[in-house]
Amino acid sequence: GGAPTRLVAFSDDMDGLRKVPDNIENGDVLRANLGKPLTRIPDPFGCHESFAHHNNAMLRDFLDRFGFDYEFVSASDRYNSGQFDEALRGVLRNWQPIMDIMLPTLREERRRTYSPVLPVSPSSGVVLQVPVEVVDAEAGIVRFEDEGRMIEHCILGGNAKLQWKVDWAMRWVALGVDYEMCGKDLTDSVRESGRIARALGGQPPEGMIYELFLDENGEKISKSKGNGLTIEQWLTYGSEESLGFYLYRDPKSAKSLHVGIIPRAVDEYWQFREKLPAQPVEQQLGNPVWHLLRANGAKGGAGDALPVTYGLLLNLVGVLGPRATRDQVWSYLGNYVADADPAAHPSLDALVTCALAYNRDFIAPTLKRRKPEANEALALAALDEELAATSDDATAEEVQNIVYEIGKTQGYADKLRDWFRVIYEVLIGQSQGPRFGSFIELYGVPETRAWIPAARPRRSAG
């Protein structure tokens with residue numbers, strides 16, 4: 001609507017480290033500092049001021065790469081500088097209303113130790129989860145047990161942080177947050193933090209709750225397990241446009257997030273992009289690519305299409321093998337693309353690089369061509385003979401019809417799917433693949449025929 005906006009990227013880097021993530025190689029550095037705020041733990045990778053600074057740099061690199069206009073806010077900076085001190089006093093002033101909101105949501109054991117404030121131990125530097133008694137709200141003085149003795153301590157100036165749900169509410173009030181999204185697993189937190197925000201005299205933000213991201217086994221993505229997919233990994237194997245397309249679509253549906261979904265996301269992005277010009281305006285508004293092109297300031301793009309799908313490109317690279325080069329791939333693309341020049345097809349050229357990486361890391365290690373059974377070898381020999389009589393410039397449709405007819409005459413009339421599976425398993429090394437006529441048009445009739453004798457069992461002499 002034209003109203004000025006301010007996007008805040010907030011890092012919870014004052015949190016105490018609860019456990020060492022499974023995917024960190026130099027875990028001993030973290031293990032020696034468990035419980036301390038993330039900004040007060042050395043960087044196990046040895047390249048930043050702290051573990052938090054390392055992770056914050058990764059976040060900011062991503063945001064900068066995609067041109068986000070944002071303000072980065074570090075929880076540690078706000079706590080340590082005293083900018084959250086007045087908000088902390090507000091929590092101490094409203095201690096009992098906050099406890100009344102939180103205690104009914106907790107198990108009995110947790111209630112006995114719960115405190116909205118987590119003081120940082122002056123002796124060990126660990127973020128403590130201990131019962132706290134307010135002594136002087138205005139001075140920020142509280143009483144708690146630390147290493148076996150009761151002490152009174154000022155929690156201002158970075159000497160404490162707030163418990164998660166209280167911290168979230170305080171942040172909304174202190175920063176004037178009007179809108180925030182979060183995952184479905186935080187539904188209860190949104191409700192309770194909203195009540196706390198009102199107890200602090202503020203108004204909880206509007207928001208949207210989106211569904212969870214799941215790994216290939218249907219399990220929730222976990223930072224500690226490291227079973228997610230990084231932005232860098234996606235952009236190694238797929239395009240930026242496909243990533244935007246994946247993130248934009250269906251935010252209220254659970255999404256699988258693993259490398260296996262990247263090729264489909266790439267091809268679906270281009271399918272939606274190609275459809276745009278022919279769609280009436282109400283369908284364009286429901287087309288994710290319409291929004292993505294506008295958000296990125298693109299003037300054109302609607303109706304563009306790739307001459308070759310990413311799925312077909314992956315199969316070509318898979319046949320060429322893990323040592324295939326960009327130039328080799330483009331030489332074969334000349335069988336299918338009239339002006340097979342990388343400069344004329346920059347989007348396709350970028351995907352060639354992605355396909356080479358995807359094949360090297362995920363496809364080539366799994367391909368295993370099998371020997372054909374006797375009846376399968378006869379069917380493949382019949383296919384070879386028919387292709388020998390076929391023009392090298394036959395269309396994909398013409399070649400597809402040939403493959404169909406061979407299947408029908410070789411005992412696969414009622415199970416053509418099995419016939420195509422034989423072709424894929426024997427010639428390519430996987431159980432399924434692209435439309436085979438399109439693939440032969442891309443790879444070439446002579447090149448395809450060269451596979452078939454190699455797939456037949458050798459006859460012994462005598």
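Positions are given from 1 along the sequence. Heavy atoms only: backbone and side chains are in, while hydrogens, waters and symmetry mates are out.
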Novice: Does any part of the side chain of Met208, heavy atoms only, come nearer than 4.5 Å to the side chain of Lys252, both counted from C-beta?
Specialist: yes
Novice: Looking only at atom types and distance, does a side-chain atom of Lys165 sit under 3.5 Å from a main-chain N or O of Ile196, one as donor and one as acceptor?
Specialist: no
Novice: Are Thr395 and Glu397 close enough that a side-chain donor and a side-chain acceptor fall under 3.5 Å?
Specialist: no
Novice: Pair Glu425, Glu376 - check side chain to side chain contact (heavy atoms under 4.5 Å, CB included), show working.
Specialist: CA-CA 11 Å; Glu425 290 178 351; Glu376 296 170 345; over 6 Å; no
Novice: Can you give the donor-acceptor pairs under 3.5 Å from side chains of residues 354-366 to other protein atoms, not counting sequence neighbours?
Specialist:
unit_1	atom_1	unit_2	atom_2	d
Tyr358	OH	Val259	O	3.2
Asp361	OD2	Tyr237	OH	2.6
Thr366	OG1	Ile363	O	2.8

Novice: Could you check whether any side-chain heavy atom of Leu316 comes within less than 4.5 Å of a side-chain heavy atom of Val308, counting everything from C-beta outward?
Specialist: no
Novice: Apply side chain to side chain donor-acceptor pair (under 3.5 Å) to the pair Ser242 and Trp234, showing each step before the final yes or no.
Specialist: CA-CA 9 Å; Ser242 66; Trp234 186 295; 3.0 Å; yes
Novice: Does Asn217 have more than 12 heavy atoms from other residues, nucleotides or ligands lying within 6.0 Å of its CG?
Specialist: yes
Novice: Could you grab the distance from atom CD of Glu240 to atom CG of Leu243, nearest 0.5 Å is fine?
Specialist: 8.0 Å
Novice: Between the side chains of Gln279 and Asn287, does any donor sit under 3.5 Å from an acceptor?
Specialist: yes
Novice: Once you round to the nearest 0.5 Å, how far does OH of Tyr424 lie from CD of Gln432?
Specialist: 8.5 Å
Novice: Using the rule given for ring pair (Phe, Tyr, Trp, His ring centres under 6.0 Å), can you reason through His54 versus His48, listing the C-alpha separation, both sets of side-chain angles and the distance that settles it, and then say yes or no?
Specialist: CA-CA 5 Å; His54 184 105; His48 288 83; 5.0 Å; yes
Novice: Would Arg40 and Met14 satisfy side chain to side chain contact (heavy atoms under 4.5 Å, CB included), going step by step from the backbone distance to the final call?
Specialist: CA-CA 9 Å; Arg40 302 177 193 179; Met14 188 70 178; 3.4 Å; yes
Novice: On a heavy-atom basis, which atom in Glu386 and which in Ile402 lie closest, and how many Å separate them?
Specialist: CG-CG2, 3.3 Å
Novice: Would you please say whether a donor-acceptor pair under 3.5 Å links the side chains of Asp167 and Tyr79?
Specialist: yes
Novice: Once rounded to the nearest 0.5 Å, what's the spacing between atom CG of Asp215 and atom CG of Leu212?
Specialist: 11.5 Å
Novice: Within the 4.5 Å heavy-atom criterion, are Gln271 and Glu268 side-chain neighbours or not?
Specialist: yes
Novice: Looking at Asp64, I'd like to know if its CG atom is crowded, meaning that more than 12 non-hydrogen atoms belonging to other residues, nucleotides or ligands lie closer than 6.0 Å.
Specialist: yes
Novice: Asp69 versus Leu7: any side-chain heavy-atom pair under 4.5 Å?
Specialist: no
Novice: Taking atom CD as the centre, does Glu206 end up with more than 12 heavy-atom neighbours from other residues, nucleotides or ligands that are less than 6.0 angstrom away?
Specialist: no
Novice: Parallel, tilted or perpendicular for Phe439 and Tyr443, by the 30°/60° rule?
Specialist: parallel
Novice: Among Leu162, Leu186, Asp12, whose side-chain contact (heavy atoms from CB on, under 4.5 Å) with Trp168 holds?
Specialist: Leu186
Novice: For the backbone of Asp13 and the side chain of Ser76, can you confirm whether one donor and one acceptor N or O come within less than 3.5 Å of each other?
Specialist: yes
Novice: Just so I know, are the side chains of Met58 and Phe62 near enough to count as touching, which here means a heavy-atom distance under 4.5 Å?
Specialist: no
Novice: Looking at CG of Leu442 and CG of Asn315, how far apart are the two atoms once the value is rounded to the nearest 0.5 Å?
Specialist: 9.5 Å
Novice: Quick check for you: to the nearest 0.5 Å, what is the distance between Leu175 atom CG and Met170 atom CE?
Specialist: 8.0 Å
Novice: What are the two closest non-hydrogen atoms of Gly334 and Ala340, and how far apart are they?
Specialist: CA-CB, 3.6 Å
Novice: Check whether Asp339 reaches the backbone of Asp341 with its side chain - one donor and one acceptor, N or O, closer than 3.5 Å.
Specialist: no
Novice: Hey, mind stepping through Gln129 and Arg110 against side chain to side chain donor-acceptor pair (under 3.5 Å) and telling me if it holds?
Specialist: CA-CA 10 Å; Gln129 299 220 26; Arg110 185 75 179 89; 2.9 Å; yes
Novice: Working note: Val403 + Phe420, criterion side chain to side chain contact (heavy atoms under 4.5 Å, CB included); need CA distance, chi angles, decisive distance, verdict.
Specialist: CA-CA 9 Å; Val403 179; Phe420 281 101; 3.5 Å; yes
Novice: For a quick test of reading the model, state the closest non-hydrogen atom pair linking Ala9 to Leu63 and the distance between them.
Specialist: CB-CD1, 3.9 Å
Novice: Side chain of Asn26, backbone of Pro44: donor and acceptor closer than 3.5 Å?
Specialist: yes
Novice: Are Glu405 and Lys408 within salt-bridge range, i.e. N to O under 4.0 Å?
Specialist: yes
Novice: Would you mind reporting whether Ser50 and Leu38 have side-chain heavy atoms less than 4.5 Å apart?
Specialist: no
Novice: Less than 4.5 Å apart, side chain to side chain, heavy atoms only: is that true for Gln163 and Leu118?
Specialist: yes
Novice: Kindly say whether Leu285 contributes a backbone atom to a donor-acceptor pair with the side chain of His291 at under 3.5 angstrom?
Specialist: yes
Novice: Measure across Ser124 and Lys36 and return the closest heavy-atom pair with its distance rounded to 0.1 Å.
Specialist: O-CE, 3.5 Å
Novice: Identify the heavy atoms of Tyr248 and Pro288 that sit nearest to each other, and give their distance.
Specialist: CD2-CB, 3.7 Å
Novice: With a 4.5 Å limit on heavy-atom distance, are the side chains of Val329 and Leu320 in contact?
Specialist: yes
Novice: Atom CG of Asp188 and atom OG of Ser193: how far apart are they, to the nearest 0.5 Å?
Specialist: 10.5 Å
Novice: Taking atom CZ as the centre, does Arg264 end up with more than 12 heavy-atom neighbours from other residues, nucleotides or ligands that are less than 6.0 angstrom away?
Specialist: no
Novice: Just say parallel, tilted or perpendicular for the rings of Phe10 and Phe84, cut-offs at 30° and 60°.
Specialist: parallel
Novice: State whether a side-chain donor-acceptor pair under 3.5 Å links Asp250 with Tyr210.
Specialist: no
Novice: Between Trp164 and Asp15, do the side chains contain an N or O donor and an N or O acceptor separated by less than 3.5 Å?
Specialist: no
Novice: Using the rule given for side chain to side chain contact (heavy atoms under 4.5 Å, CB included), can you reason through Ile41 versus Leu30, listing the C-alpha separation, both sets of side-chain angles and the distance that settles it, and then say yes or no?
Specialist: CA-CA 7 Å; Ile41 297 176; Leu30 302 180; 3.7 Å; yes
Novice: Using every non-hydrogen atom in the two residues, find where Tyr336 and Ser438 come nearest and quote the distance to one decimal.
Specialist: CE1-O, 3.6 Å
Novice: Between Thr409 (side chain only) and Ile406 (backbone N and O only), is there a donor and an acceptor less than 3.5 Å apart?
Specialist: yes
Novice: Decide if atom NZ of Lys220 counts as having more than 12 heavy atoms of other residues, nucleotides or ligands within a radius under 6.0 Å.
Specialist: no
